[in-house]
2 protein chains.
Amino acid sequence: MSQMQSVERQLREMILALEIGPGERLTERWIEGRFGASRTPVRAALLRLETEGLVGRDGRGWTVSPINLAELEQIAVYREAVEVAALRLTCMHAERGAIDVIEAMLDSCDENTPREEWHRVGMDFHIELARLSGNEFLFRAVRDAMTRLSRARWLEVRDETALGRAWLEHRAILAAARLGQADEAARLLSAHITGSRGRLVTSLANDRRGLRARGFAVVAA
Amino acid sequence: MSQMQSVERQLREMILALEIGPGERLTERWIEGRFGASRTPVRAALLRLETEGLVGRDGRGWTVSPINLAELEQIAVYREAVEVAALRLTCMHAERGAIDVIEAMLDSCDENTPREEWHRVGMDFHIELARLSGNEFLFRAVRDAMTRLSRARWLEVRDETALGRAWLEHRAILAAARLGQADEAARLLSAHITGSRGRLVTSLANDRRGLRARGFAVVAA
DNA sequence: GATACCATTTTGGGATACCAAACTGGTATC
DNA sequence: GATACCAGTTTGGTATCCCAAAATGGTATC
């Protein structure tokens, strides 16, 4: 694996895992030293992560993108558009086996599963479901949106019941898709996304003080 | 303006204007010499253009992305999803004046307007309409999709009647949006996109031999 | 004539040197 | 004490150099 891709991957993981906090400043030289690479691959990584919205320019320098509540709401709207479109396509030519694989993902989580795994599977459920549409651009759009949302979802204060409800909704969506009921599946997915958007933004807004205390830049809606 | 942005902009324009043909190989050294910049800004430009889908990796080197008919169809589906979603948002909070500005864009084209101007305005109509949604991500998605489609639209063999029909459809969409009739506007836009997608792909498929003769790589659907 | 093989060139990935602009910290001035 | 100012440092933008891998082209062999 080239260093270029390696730096990009490692830096992305650090940002998504909040090891580098939202709003933190980045210098190319620090990254260079941190990953033992020279500036060429570092720059390539920053340029790529910029298009993913994970880092941004701050005048002359770079910063890890802050959590922006207004932006999160816009992403959720965007996500709903592309994810519902993908799901409708999937309903048209749903393959039994493919949907079973997604369902198995959900089954893999139980009460003994660590929280971070629930988090990851919850994201992958939506991404893999979009992949089934067969439309590369809808798939990429969903994956990109989920990536942009993932740090915020990680910060969200979620109770157990919320996770349980999400899983029930996921299963209901799959059931409708399996039967090819596009309108019903779309309705369920829209409700699921709208609901989780509301809870996400509310939770972050309520905990904004706490998040700032942890050094995380959180921009209001 | 920094050279980084300058090289990126100039190279993008050359590719979109087909001055560098789809499928053509690019070497960093050639670009370097062509624009009088060093490899650092050249590589930054290539990395950015790669995310826009205008250039791609070909093993170790770079190529201008070929026209891919299957991909064009997928982009059109993606575009329909995001553009319709944006239009629905616009209908919710449509400002009179903003829509008038878009209409003025259409008015600026008459029988004396050069073909390339019609082409540009036809694209900008959709992009600016999406901007009115107020959702940055839907807007970017539409702009990105239109960029990816633009080379193909430029190659399309269009008769005068097709352009006239497109303008009529554009005006009908604006009329519905002005009245806040979201469903009607969405229906018209969907039909407009679906229709132009069909004509675009048909035209390119029919002229594929001629396009290849001009040195343009055109991948079948 | 086709093919296998080798020397040469080209090319992208990476490292490093240099520069101008921005930032920093301290100092002098009021 | 506040502020204007200046020297030193940091930092991103750019140019250049090096290298290994891949492409190229010619040649010897069958």
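A note on names: the letters A, B, ... follow the listed sequences, proteins ahead of strands, and every chain is numbered from 1. Quick caveat: nothing in here was measured; it's all calculated off a predicted structure.
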Rounded to the nearest 0.5 Å, what's the gap from CZ on A/Arg197 to NE2 on A/His192? Could you check? 13.0 Å
Measure the spacing between CD of A/Glu28 and CZ of A/Arg39 and express it to the nearest 0.5 Å. 4.5 Å
Could you check whether any side-chain N or O of B/Glu24 sits under 3.5 Å from a backbone N or O of B/Gly21, counting only pairs where one atom can act as donor and the other as acceptor?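 Flag set: sc B/Glu24 to bb B/Gly21 pair under 3.5 Å.
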Test item: B/Gln74 side-chain N/O and A/Gly134 main-chain N/O as donor-acceptor pair under 3.5 Å: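 A pair under 3.5 Å: yes.
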For the residue pair A/Thr147 / A/Asp144, report whether a side-chain donor-acceptor contact shorter than 3.5 Å exists. no
Within the 3.5 Å criterion, strictly below it, is a donor on B/Asp110 or B/Thr113 matched to an acceptor on the partner's side chain? yes
Residues within residues 56-63 of chain A bordering DNA chain D, heavy-atom distance below 4.0 Å: A/Arg57, A/Arg60, A/Gly61
Under 4.0 Å between a side-chain nitrogen and a carboxylate oxygen: does that hold for B/Glu52 and B/Arg48? no
Tell me the partner of D/dC17, counting only Watson-Crick (N1-N3 plus N6-O4 or O6-N4) or G-U wobble (N1-O2 and O6-N3) with both under 3.5 Å; none if nothing fits. C/dG14
Paired with D/dC30: which nucleotide, if any, by Watson-Crick or G-U wobble criteria at under 3.5 Å for both distances?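 For D/dC30, the partner nucleotide comes out as C/dG1, under the 3.5 Å rule.
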Among residues at least two apart in sequence or on other chains, which ones pass salt bridge (charged side-chain N to carboxylate O under 4.0 Å, His left out) with B/Glu128? B/Arg131
Only counting residues at least two apart or in another chain, list the ones meeting salt bridge (charged side-chain N to carboxylate O under 4.0 Å, His left out) with A/Glu156.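 Checked A/Glu156 against salt bridge (charged side-chain N to carboxylate O under 4.0 Å, His left out); matches are A/Arg158.
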Can you sort out which residues in residues 35-53 of chain A have a heavy atom within less than 4.0 Å of DNA chain C? Ascending by number, please. A/Ala37, A/Ser38, A/Arg39, A/Thr40, A/Pro41
With DNA chain D as reference, determine whether B/Glu32 or A/Thr27 sits nearer its 5' end, using the nearest nucleotide of each. A/Thr27
I'd like a table of donor-acceptor pairs (distance under 3.5 Å, sequence neighbours excluded) in which one partner is a side-chain atom from residues 81-106 of chain A, with atom names and distances.
unit_1   : atom_1 : unit_2   : atom_2 : d
A/Glu83  : OE1    : A/Arg79  : NE     : 2.8
A/Glu83  : OE2    : A/His126 : ND1    : 2.4
A/Arg88  : NH1    : A/Asp183 : OD1    : 2.8
A/Arg88  : NH2    : A/Asp183 : OD1    : 3.4
A/Thr90  : OG1    : A/Ala86  : O      : 3.1
A/Thr90  : OG1    : A/Ser133 : N      : 3.2
A/His93  : NE2    : A/Leu89  : O      : 3.3
A/His93  : NE2    : A/Ser133 : O      : 3.3
A/Asp100 : OD1    : A/Arg178 : NH1    : 2.4
A/Glu103 : OE1    : A/Arg178 : NH2    : 2.4
A/Glu103 : OE2    : A/Arg171 : NH1    : 3.1

Heavy atoms of chain A, cut-off under 4.0 Å: which first and last nucleotide of DNA chain C, 5' to 3', fall inside that, if you could look? C/dG14 to C/dA22
Using whole Å, report how far CZ of A/Arg29 lies from P of D/dT9.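 Value for this atom pair: 15 Å.
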